[in-house]
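Encoded as structure tokens, the structure appears first; notes follow it.
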Amino acid sequence: WLSGDPSFRDPSFRARSSAVTVLCPECDSEVDILLSGVEWLTTDDMNSVVCDLCSDGDAEKREVCCVNLCEFCCQAHRTGERQKRTSTHTVQCLEDLKTQGCLSRPVLCSLHPGQELRLFWEICDLPICLDCAATFHRDHCCLPTRDVIDRHGDCIWELVTGRLRPRLDRLEESLRKVDLFQEALQARMDVMADEVCSFARGYASAVESHCLSLLRRLVELRLQRRNQLHLQRAQLQQALSDARGGVAFAERLLTCGSDSKILSAKGVTLRRLGGLVETDYDHPATITPDNGSSICFLPRESAEKVGGYPVVGMIHAKTLELSSCIIEGEGLQHGRERQRVEFTLVCRDSAGEQMGRGGEVVLVSMVHKEKKDSRLEAAVVDNSDGSYSISYTPVEPGSYSVLVCVKAQHVKVSPFVLNVKRKVQRHCGMFHCCSFCSSGGSKEARCGCTGTMPGGFWGCGHGHKGHPGKPHWSCCGSVVEASDCLPQSVITAVGGTVTAVGGGAGSGSPRGHLRTVQL
């Protein structure tokens, strides 16, 4: 479609159509650069102007041939020693030209060097020179630039004054706010940095104080345990000395003493030896000294605040006392078949306080007292606070012997007996006086008491054979209203006579029971 456009015949248009796009380093705008070079780009003469001859300094003068000159090159123009052809050229001060609005130099045509762009092609919005108009734009409407500059300049001026100037004010105000916010942010960050450093110093001081406190606690515990070991050693030495003295005296008496001497000292010797035997110095707590294994450090345990700062880490020095351990909970003595029950083991120290940590080895054994091969699997959960949750699910009713051991030794109440009852069986019948009354005289209605009536009645009646003599459940024959429903296979004794539950012609069918319930 470009071939039909008159502008396509313009060599300058074809040259511009073959370009690469770059970003301006000043305004970050996209600029098309011709492949032939950058000579066609307009020079910015509004700001600083560089000398056209030496390109080293800023231009201060302009000669009549529109060449910008620095002070040194301007002197060379005036003196004919270096450039005789330009010695007669007049020069003007750039400041004066800037004041008069004539600072910019004429824009020359890129196709016709030396020709100034004096015409404007409206259709393509393109300034051209006279040679371009005569060569490429004969039939085009081209106007002098001085005739169209007001209209096109007004468009630019309207855009600048109407839209960009207010935006400049807003941008400047926003920039001032950003600067203020940046200063406020920096001040805020400085304050918070001081707070963080102050907090860190205080926290470090609190941690250091807590560390010293823990170390002092360790020293106290070491002295305490050492004194206990000294006392224990003295007691054991005294016991050993007493035992040796008693043994030596008894051996000398038996080996060297006469019969009368032995008989005379028999009472004193027996009392002395008996006292030594009864002395409980061979108890595990006495013969096994405390080597500090009960003392441990809990690094994640929360401690009391130090200077208002929370710290962690505690020295745990409680010693487990099996005689002080207790077992509590609903599942301690009673359980129900196929229902999960639970009880709790609470480990305590010699002072009766609960151990604040877990980690003890807890063993639980549950064995049926009648069926030794029937055992219950118990699950032990360490609550990490000195208590242990023990749960189990009995599968068979009966009495169980339960052993609870800590460190391979029984706790205070171990072993104990656990009674497991059968699973609750709800009655599916009705609690009635007899099936004759509850069914309205139906012959087919049966009862779990296995009673019958003459005349072809399959159920029970007052005063007739098999009736228990009191109200009972129609499903199983139990005379206790608040009771579990007995299985149909259970043989019960009713009124002193052994009968099968669910009788009636000896069939044992539950269909009659259900019919009684329906009636």
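The figures here come from the full heavy-atom set of this structure, side chains too, leaving out hydrogens, waters and symmetry mates. None of these values were measured; they are calculated from a predicted model.
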I need the [X] [atom1] to [Y] [atom2] distance, nearest 0.5 Å.
X	Y	atom1	atom2	result
S387	L345	OG	CG	8.5 Å
C475	M430	SG	CE	10.0 Å
L180	L185	CG	CG	12.5 Å
L168	R163	CG	CZ	13.0 Å
E370	S399	CD	OG	7.0 Å
L164	E158	CG	CD	11.5 Å

- Query: When you look at S438 and H432, which way does the side chain to side chain donor-acceptor pair (under 3.5 Å) test go after all the steps?
  - Reply: CA-CA 7 Å; S438 61; H432 63 178; 2.9 Å; yes
For [X] versus [Y], what's the shortest heavy-atom pair and its separation?
X	Y	value
T452	W458	CG2-O, 3.9 Å
P468	V479	CB-CG1, 4.0 Å
S414	V402	OG-O, 4.1 Å
C325	K412	O-CB, 3.6 Å
C449	H472	SG-NE2, 3.5 Å

- Does the side-chain contact (heavy atoms from CB on, under 4.5 Å) test come out yes or no for C433 and K470, once each step is laid out? CA-CA 7 Å; C433 60; K470 57 181 70 175; over 6 Å; no
- Query: Which is it for Y388 and V346 under the side-chain contact (heavy atoms from CB on, under 4.5 Å) test, yes or no, and what are the steps along the way?
  - Reply: CA-CA 7 Å; Y388 301 83; V346 180; over 6 Å; no
Between [Y] and [X], is there a side-chain heavy-atom distance shorter than 4.5 Å?
X	Y	result
H467	H462	yes
S401	L403	yes
E30	L23	yes
T269	R272	no
T344	I390	no
V411	I327	yes
Y400	L376	yes
C347	Q354	no

Is it the case that more than 12 heavy atoms not belonging to [X] sit under 6.0 Å from its [atom1] atom?
X	atom1	value
R176	CZ	yes
E377	CD	no
Q237	CD	yes
R222	CZ	yes
Q182	CD	no

- Message: One thing to verify: whether E342 and R340 come together as a salt bridge, which I'm taking to mean a side-chain N less than 4.0 angstrom from a carboxylate O.
- Response: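 Salt bridge present between R340 and E342.
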- Check the side chains of S323 and E321 for a donor-acceptor pair under 3.5 angstrom, ignoring hydrogens and angles.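 A donor-acceptor contact under 3.5 Å links the two side chains.
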- Query: Strictly by modelled atom types, are D349 and S324 linked by a side-chain donor-acceptor pair under 3.5 Å?
  - Reply: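 There is no such pair (donor and acceptor under 3.5 Å, judged by atom type) between the side chains of D349 and S324.
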- Task: For side-chain contact (heavy atoms from CB on, under 4.5 Å), just list the numbers for F297 and L218, CA-CA rounded to whole Å, side-chain angles, deciding distance to a tenth of an Å, and then say yes or no.
- Result: CA-CA 10 Å; F297 174 59; L218 286 177; over 6 Å; no
- Query: Once the angle between the rings of F343 and F416 is folded into 0 to 90°, is it parallel (under 30°), tilted (30 to 60°) or perpendicular (over 60°)?
  - Reply: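 Taking F416 first and then F343, their aromatic rings stand perpendicular (interplane angle over 60°).
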- Message: Before you tell me yes or no, could you show the steps for M366 and V364 under side-chain contact (heavy atoms from CB on, under 4.5 Å), namely the whole-Å CA-CA distance, both residues' side-chain angles and the distance that decides it to 0.1 Å?
- Response: CA-CA 7 Å; M366 296 183 174; V364 181; 4.2 Å; yes
- Query: Do S213 side-chain atoms and S209 backbone N/O form a donor-acceptor pair below 3.5 Å?
  - Reply: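 No, the answer is negative, given that no donor and acceptor are paired below the 3.5 Å cut-off.
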